[in-house]
Visitor: 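Here it is, the structure, as structure tokens.
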Amino acid sequence: MHSDTPFLISTAIPYVNARPHVGFALELVVADAIARHRRQRGREVFFSTGSDENSLKNVRAAAELGVSTQTLVDENAAVFARLREVLDLSTDAFVRTSVDPGHRRAAEKLWRACFARGDIYRRDYRGLYCVGCEQFYAETELLEGRCPEHGTDPELVEESNYFFRLERYAERLREGIESGELRITPEHFRNEVLAFVDRGLVDFSISRSSERAKGWGIPVPDDSEQVMYVWFDALGNYISALGYADDGEHFRRWWSPAGERVHVLGKGITRFHALYWPAILASAGLAWPSALVVHGYLTVDGNKIGKSMGNAIDPAAIAERCGVDALRYFLLRHVRHGRDGDFGEARVWQCREAELANQLGNLLNRTVHMITRWFDGRVPTPQRSDPGHAELAAQVQGEIERAFDEARTDDALNALWSLVERANRFIVERAPWKLAKSRSDPETEAKLASTLYDAAELLRLVAVHLRPFLPGSSAELVRRLGLDPDAEADWETSCRWGGLVPGTRVRLGAPLFDKKASPLAPPARL
RNA sequence: GGGCCCAUAGCUCAGUCGGUUAGAGCGGCCGGCUCAUAACCGGUUGGUCCCUGGUUCGAGCCCAGGUGGGCCUACCA
């Protein structure tokens with residue numbers, strides 16, 4: 001893989017009818033870790049996110065609050081955009097579908113391209129429509145003829161909409177997914193999509209009457225009576241972020257078949273990304289995404305997250321109390337890739353204390369203290385490093401690379417943690433505090449020096465690998481080891497054992513993860 | 001109604017192709033150590049593998065039927 005191959009990564013763009021909750025923080029953080037990891041390995045990365053503002057749900061939410069739709073959307077989009085700082089994200093673009101001029105033009109251009117291909121046609125449609133839900137229901141979905149959400153009688157609505165010829169792309173989609181042209185991870189979501197294709201794909205509606213949409217949304221080109229179905233315009237954000245509307249150099253570079261194009265999304269919208277979106281792209285003569293990374297949903301203390309449940313946790317509040325890195329750490333290690341996971345502030349505190357403070361923070365502290373005390377704060381020269389350490393370094397690097405290839409951040413962190421565990425065990429085995437009592441013996445002195453070098457070098461490797469996950473803590477770790485966090489380093493070189501130069505001056509400092517910060521004393525039993 | 005996913009230790013989860021005594025981390029308990037943030041290290045405790053039936057010499061794993069939870073459900077087939 002050439003280092004100049006472009007790597008594009010995106011999150012889905014959420015509705016902004018309410019404030020963000022931790023579930024979306026998971027998606028952002030997973031995408032961010034992947035983006036940072038690829039940059040670290042020398043790739044050029046473009047990481048985009050944004051907000052889906054043309055949804056009818058936003059219109060409804062605004063009406064309930066008695067504010068204009070644009071006002072609601074502006075305010076909430078700002079809160080989502082602020083997550084960049086709150087969650088320490090490395091995003092390069094934030095697309096706002098209701099205000100970015102480039103987005104509207106991109107959606108129009110995409111529509112026209114599909115239309116020119118003959119994949120968009122008009123058809124009469126009649127269905128049972130619930131005004132409360134703003135959506136159509138099949139008869140079988142109704143409960144005793146009534147809306148399952150509201151218990152009201154649906155209206156029989158008849159209108160003419162535009163449709164996309166999905167059926168035409170069924171075989172093309174199946175082949176692309178089976179061959180891995182479009183990778184879907186984890187595999188069980190790929191299987192679900194293929195099973196869905198097997199049952200037959202039918203054309204889908206891509207517009208609504210302007211009246212039903214309350215005038216909100218992007219008008220269909222050359223037909224002001226209709227607005228685009230929100231999914232058509234929302235999916236387009238991935239290319240409007242790159243400047244598709246102007247077909248400039250930036251767009252051609254990043255949405256190029258030569259690079260990688262990865263979408264990170266929640267399991268609920270897999271179908272839109274695995275079928276509708278590639279079909280639209282194929283119709284418009286554009287490349288497909290190369291991979292979909294599908295994540296599961298979070299529950300909170302075992303309960304589904306919902307506004308009506310009043311348990312929509314604000315990720316900013318968690319980051320404020322526990323620290324961004326503890327939140328990122330929990331989401332990236334303790335929520336398994338592609339699976340649902342349970343979130344709770346007590347869980348974050350618990351792993352912050354047990355793993356971040358006790359295992360990692362204390363490892364740094366004890367190592368720096370010993371070097372300061374016995375070697376005047378300078379990393380000693382090792383006579384002979386433990387040969388197992390170079391081997392471990394290579395093994396961990398390989399495991400992390402393989403895990404990231406499949407977006408398994410949890411496994412990558414597990415692999416990384418074996419370095420932390422190894423270092424703590426190694427220190428106890430060597431018992432440097434005993435060696436320090438017989439320093440007049442050259443053999444003992446050499447052993448002491450080698451022991452502390454190895455501990456510090458293991459910590460350097462931890463910092464290298466921790467960087468995509470906990471960028472702030474990684475940088476601080478690097479500073480404590482007396483190195484420059486901003487120094488650019490080649491991936492292979494930085495992963496190799498022995499990078500720490502003897503004589504480097506380490507720095508004492510406040511605990512990396514201060515346990516006194518925990519409000520939960522004692523930590524909750526889980 | 002249909003499609004799909006999940007269920008293994010108190011908690012979070014591994015468990016390969018069906019193969020001997022079902023594993024890890026966290027928590028609990030006991031011990032060691034004193035460099036360190038009362039941290040660290042070792043040992044140990046802990047199981048109705050959701051239920052019922054089937055296939056098999058042998059099932060956590062395969063098959064059928066249930067139970068519980070989750071996601072999707074399109075002009076429906």
Side-chain angles (χ1 to χ4, degrees), chain A residues 123-129 135-143 157-159 161 163-164 166-167 186-205 231 266-272 275-276 294 296-299 302-304 330 333-336 338-344 346-347 350-351 353-374 410-411 414 417-418 420-421 423-436 448 451-452 455 508 510-518 522-526:
Chain A
R123 197 208 292 171
D124 289 333
Y125 167 69
R126 190 196 310 164
L128 296 166
Y129 182 79
Q135 75 166 70
F136 285 90
Y137 281 103
E139 281 187 39
T140 49
E141 289 176 302
L142 299 173
L143 295 173
V157 169
E158 203 165 346
E159 71 181 49
N161 289 153
F163 279 72
F164 182 87
L166 183 65
E167 201 177 345
E187 203 174 291
H188 67 260
F189 289 119
R190 172 181 179 268
N191 296 341
E192 272 187 38
V193 170
L194 286 171
F196 192 79
V197 174
D198 283 342
R199 282 183 291 140
L201 297 180
V202 298
D203 299 347
F204 66 102
S205 167
W231 269 108
K267 65 179 182 177
I269 55 177
T270 309
R271 211 184 63 243
F272 295 99
L275 300 173
Y276 294 7
V294 185
Y297 288 163
L298 294 182
T299 53
N303 300 306
K304 191 179 164 182
F330 178 82
R333 187 178 189 188
H334 294 292
V335 179
R336 306 263 320 164
R339 305 269 295 249
D340 291 351
D342 191 46
F343 184 89
R347 285 182 194 279
Q350 204 195 353
C351 76
E353 176 158 329
E355 293 163 23
L356 294 175
N358 292 352
Q359 291 186 274
L360 175 59
N362 182 57
L363 171 63
L364 172 69
N365 201 37
R366 70 198 304 207
T367 302
V368 169
H369 266 276
M370 289 188 281
I371 291 174
T372 301
R373 183 159 157 190
W374 298 319
D410 50 331
D411 286 338
N414 287 339
W417 226 251
S418 65
V420 176
E421 287 162 3
N424 274 322
R425 212 177 310 127
F426 179 70
I427 289 171
V428 171
E429 279 164 15
R430 288 287 183 95
W433 46 91
K434 283 182 187 161
L435 301 174
L448 178 64
T451 299
L452 292 183
L508 290 168
L512 249 195
F513 295 93
D514 191 344
K515 290 204 288 188
K516 293 185 184 77
S518 171
R525 289 274 300 272
L526 294 175

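The chains referred to below are lettered A, B, ... by the order of the sequence lines, with proteins before strands, and numbering in each begins at 1.
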Visitor: In whole angstrom, give me the gap between the C1' atoms of B:C4 and B:A9.
Guide: 29 Å

Visitor: Are the ring of A:F196 and the base ring of B:A74 both nearer than 5.5 Å at their centres and tilted by less than 30°?
Guide: yes

Visitor: Indicate the ring-plane relationship of A:F204 and A:Y276, choosing parallel, tilted or perpendicular according to the 30° and 60° boundaries.
Guide: parallel

Visitor: Once rounded to the nearest 0.5 Å, what's the spacing between atom CZ of A:R333 and atom CG of A:D411?
Guide: 10.0 Å

Visitor: Name the nucleic acid region contacted by A:G200, choosing base, sugar-phosphate or nothing; use a 4.0 angstrom heavy-atom cut-off, strictly under.
Guide: base

Visitor: Want to settle it: does A:V202 or A:R373 sit nearer the 5' end of RNA chain B, counting the closest nucleotide to each?
Guide: A:R373

Visitor: Please measure how far the P atom in B:G66 lies from the corresponding atom in B:G3, and state the result in whole Å.
Guide: 12 Å

Visitor: So A:W417, base contact, sugar-phosphate only, or nothing? Heavy-atom distance under 4.0 Å.
Guide: nothing

Visitor: When the P atoms of B:G15 and B:G23 are considered, how many whole Å apart are they?
Guide: 15 Å

Visitor: Check this for me: does any side-chain nitrogen of one of A:K267 and A:E192 sit under 4.0 Å from a carboxylate oxygen of the other?
Guide: no

Visitor: Atom CD of residue position A:E187 - does it have more than 12 heavy atoms of other residues, nucleotides or ligands inside 6.0 Å?
Guide: no

Visitor: Record whether the side chain of A:N362 comes under 3.5 Å of the base of B:A36 through a donor-acceptor pair of N or O atoms.
Guide: yes

Visitor: Can you check the distance between B:C61 and B:C17, where both ends of the measurement are the C1' atom (answer in whole Å)?
Guide: 10 Å

Visitor: Can you tell me if A:K515 touches the phosphate of B:A39, counting only side-chain N or O atoms and a distance under 4.0 Å to OP1 or OP2?
Guide: yes

Visitor: Under 4.0 Å, counting only non-hydrogen atoms across every strand here, what does A:G361 touch: a base, just sugar-phosphate, or nothing?
Guide: base

Visitor: Please report the distance separating the P of B:C6 from the corresponding atom of B:A14, rounded so that it comes out in whole Å.
Guide: 10 Å

Visitor: What integer number of Å spans the P atoms of B:G65 and B:G1?
Guide: 15 Å

